[in-house]
Amino acid sequence: MLLWCPDWPVLAVEIVDGVPATGPVAVLHANRVVACSAPARAAGVRRGLRRREAQGRCPSLTVVDHDPGRDARAFEPVVAAVEEVVAAVEVVRPGVCAFAARGPARHLGGEEAAAERIVEQVAQACAVESQIGIADGVFAAGLAARTGQVVPPGGTPEFLAGLPVEAIGRPALADLLRRLGVRTLGDFAALPAGDVLARFGFDGALAHRLAAGYDHRPFAVRQPPADLTVTAHHDEPLDRVDAAAFAARVLAERLHDRLAGHGLACTRLGIEAVTAHGQELHRVWRHDGLLTAAAIADRVRWQLDGWLSGSTGRAGARPARPTAGIVRLRLVPDGLLTRGGLQPGLWGEAGEERDRAHRALSRVQGILGPEAVVTAVLGGGRSPTDQTRLVPWGDERLPTRPGPPPLPDAPLRLDAPLRPDAPPQSGVFPQSGVPPRPATGGRPAPPPWPGRLPPPAPAVVLPVPLAATVHDAAGEPVVVSARLVVSAAPARLCVGGGGPAEIVGWAGPWPLDERWWVPAEARRRARFQVCLADGAALLLAVQAGRWLVEAIYD
């Protein structure tokens, strides 16, 4: 059985965008009509016409761009309505779905009765007109659905034989067959398969099988997603932590068994609770490894403890208790993976240390929130602030920017330049416009982020850069031109309202011009490394004429 909804792209426009399909409407792709409404066809609009010609035939034509995503979203309720009557539905394309005829025919009293029941179900549930065709294959059933025919078993070749070759759905092949004198699918199917393959290629051989009544692939049904959510209802509201913990363990075991039965594991666990007064509570716990039954029960217990006990948090903050006891508890698994696709945790798969660390950190998250415990993830970038991202405990450890972690740190020497081939400036840093790069095999190895700071990495990265002023030996402010020309050698540095500090060595400027194609996010600056008389080393940046202290070297 194949269910076909005529002019589905037009109906999808009406369902999603509200454009009435009772008027002249045409859906265009690549400036050609791919579907049109019945009033548009009455005015002479046909598939394949160009926009100008279609509007010339019907001046009141409403033109809409083709959107496959819109068609698929609008067709999902139709498939759901069909699945209420039959099982194992295959979506051929938006507007067309197929399913085996044997089950509905035996259950609903025959093929014709089943077809009428399904068409009625779609009309009542979705207010959509549809037609059903029945044949030995999906291709033949699709052609039969155009006229609502029921092809008897074994009669598919005879049904296809009288149809024109244009029904194969390949305009170029149909035009060539017409010029060769092959006008019907029966004539095409009568040709030897080997000669068709040699003359028309693989696509022609597939079309030859379809013309003979054979589908080129097996029937692939749609498997509805399994409902893995577990829910527990309690007549007596749970207002004590021990009673809630017992209920959580039973519910966690049910969820774990259900996931294990499907060969799945979850990396995110949604905990939902409803109180007797209708208050809804929700929290999502994340985890980067396998959530066992005990781990699920612990997280639910910790969360219920945080809700019911109102434990005192940081600085005396105490979350508000629910207005009443919990009458419904629901666990929603998310981030489903196959059990074999999980990576080991920080301390391996098992061990007392790993369990204790997970238990302690997750409990802190349950009381203070997911952002209370974070870990650092290294990634790509040109500045220290770009290369590090703080990730809440249990979240996926993905860097903000792709790329390997920063280069290994090297000791900061005060008696030699960072680059052997560059002359030292004031005996400490080289003055160069390009950050130094490590050598590999006698040749410089280009870093994945050109312009990235050289090693060693700064020990302290300031969350908010400090304003500073830099002067030369004469007391004049040091400025950097647009061509990266330094007005004079830096001699003194003042950070904030502090006193001046003598600069004994410096390196730079190193230019940085990022995201210039996005004006709102563009950033252009020059960076310097300076060493002070007291032994401190700083990373400075000049942006829009302002000096900033970004990081401190150890």
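Starting from 1, each residue takes its place in the sequence as its number. Keep in mind that the numbers below use all heavy atoms, side chains included, and drop hydrogens, waters and symmetry copies.
- The two residues Pro20 and Val25 come nearest to each other via the heavy atoms O-CG2, 3.4 Å.
- For the pair Ala247 and Leu238, the tightest heavy-atom approach, listed with the atom from each and the gap, is CB-CD1, 4.0 Å.
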Apply side chain to side chain contact (heavy atoms under 4.5 Å, CB included) to Val391 and Arg389, showing your working.
-> CA-CA 6 Å; Val391 180; Arg389 177 193 176 204; 4.0 Å; yes
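- The shortest distance between side-chain heavy atoms of Leu304 and Leu329 falls below 4.5 Å.
- Atoms CG and CG, on Leu255 and Leu331 in that order, are 5.5 Å from each other to the nearest 0.5 Å.
- Interatomic distance, CZ of Arg492 versus NE2 of His471, reported as 7.5 Å (0.5 Å rounding).
- Side-chain atoms of Val27 and Val33, non-hydrogen and from C-beta on, never get closer than 4.5 Å to each other.
- Taking every heavy atom of both residues into account, Arg301 and Ala248 meet most closely at N-CB, 4.3 Å.
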Given Leu466 and Leu548, is the side chain to side chain contact (heavy atoms under 4.5 Å, CB included) satisfied, shown in steps?
-> CA-CA 5 Å; Leu466 300 177; Leu548 302 172; over 6 Å; no
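- Side chain of Arg527 to backbone of Ala541: no donor-acceptor contact under 3.5 angstrom is found.
- When all heavy atoms of Pro511 and Pro509 are compared, the pair lying nearest together is CD-O, 3.8 Å.
- At a threshold of 4.5 Å between non-hydrogen side-chain atoms, the residues Asp334 and Val284 do not count as touching.
- Atom CZ of Arg73 has more than 12 neighbouring heavy atoms from other residues, nucleotides or ligands inside a 6.0 Å radius.
- Expressed to the nearest 0.5 Å, how far CZ of Arg70 lies from CG of Asp65 amounts to 8.0 Å.
- Ring planes of Trp547 and Phe528: tilted class, angle from 30 to 60°.
- Counting heavy atoms from C-beta on, the side chains of Val542 and Arg525 never come closer than 4.5 Å.
- The line from OG1 of Thr229 to CZ of Arg254 is 11.0 Å long, rounded to the nearest 0.5 Å.
- More than 12 heavy atoms of other residues, nucleotides or ligands lie within 6.0 Å of NE2 in His282, so this atom counts as buried by the packing criterion.
- Using a 4.5 Å heavy-atom threshold, the side chains of Leu538 and Leu493 count as touching.
- Side-chain atoms of Arg47 come within 3.5 Å of backbone N or O of Val34 as a donor-acceptor pair.
- Side-chain atoms of Pro384 and Leu539, non-hydrogen and from C-beta on, do get closer than 4.5 Å to each other.
- Between Val13 and Thr62, the closest side-chain pair of non-hydrogen atoms is not below 4.5 Å.
- Looking at every heavy atom in both residues, Ala491 comes nearest to Asp472 through CB-C, 3.5 Å.
- With hydrogens and angles ignored, the 3.5 Å screen pairs no side-chain donor or acceptor of Arg524 with any backbone N or O of Trp516.
- Distance check: Ile15 CD1 to Trp8 CH2 gives 4.0 Å after rounding to the nearest 0.5 Å.
- In plain terms, the two heavy atoms of Ala21 and Glu14 that are nearest each other are CB-OE1, 3.4 Å.
- Note that CZ of Arg515 is 10.5 Å distant from CZ of Arg523, once rounded to the nearest 0.5 Å.
- Between Ser487 and Val478 the shortest side-chain heavy-atom distance falls below 4.5 Å.
- Listed for the Asp534 side chain is a donor-acceptor partner under 3.5 Å among the backbone atoms of Ala536.
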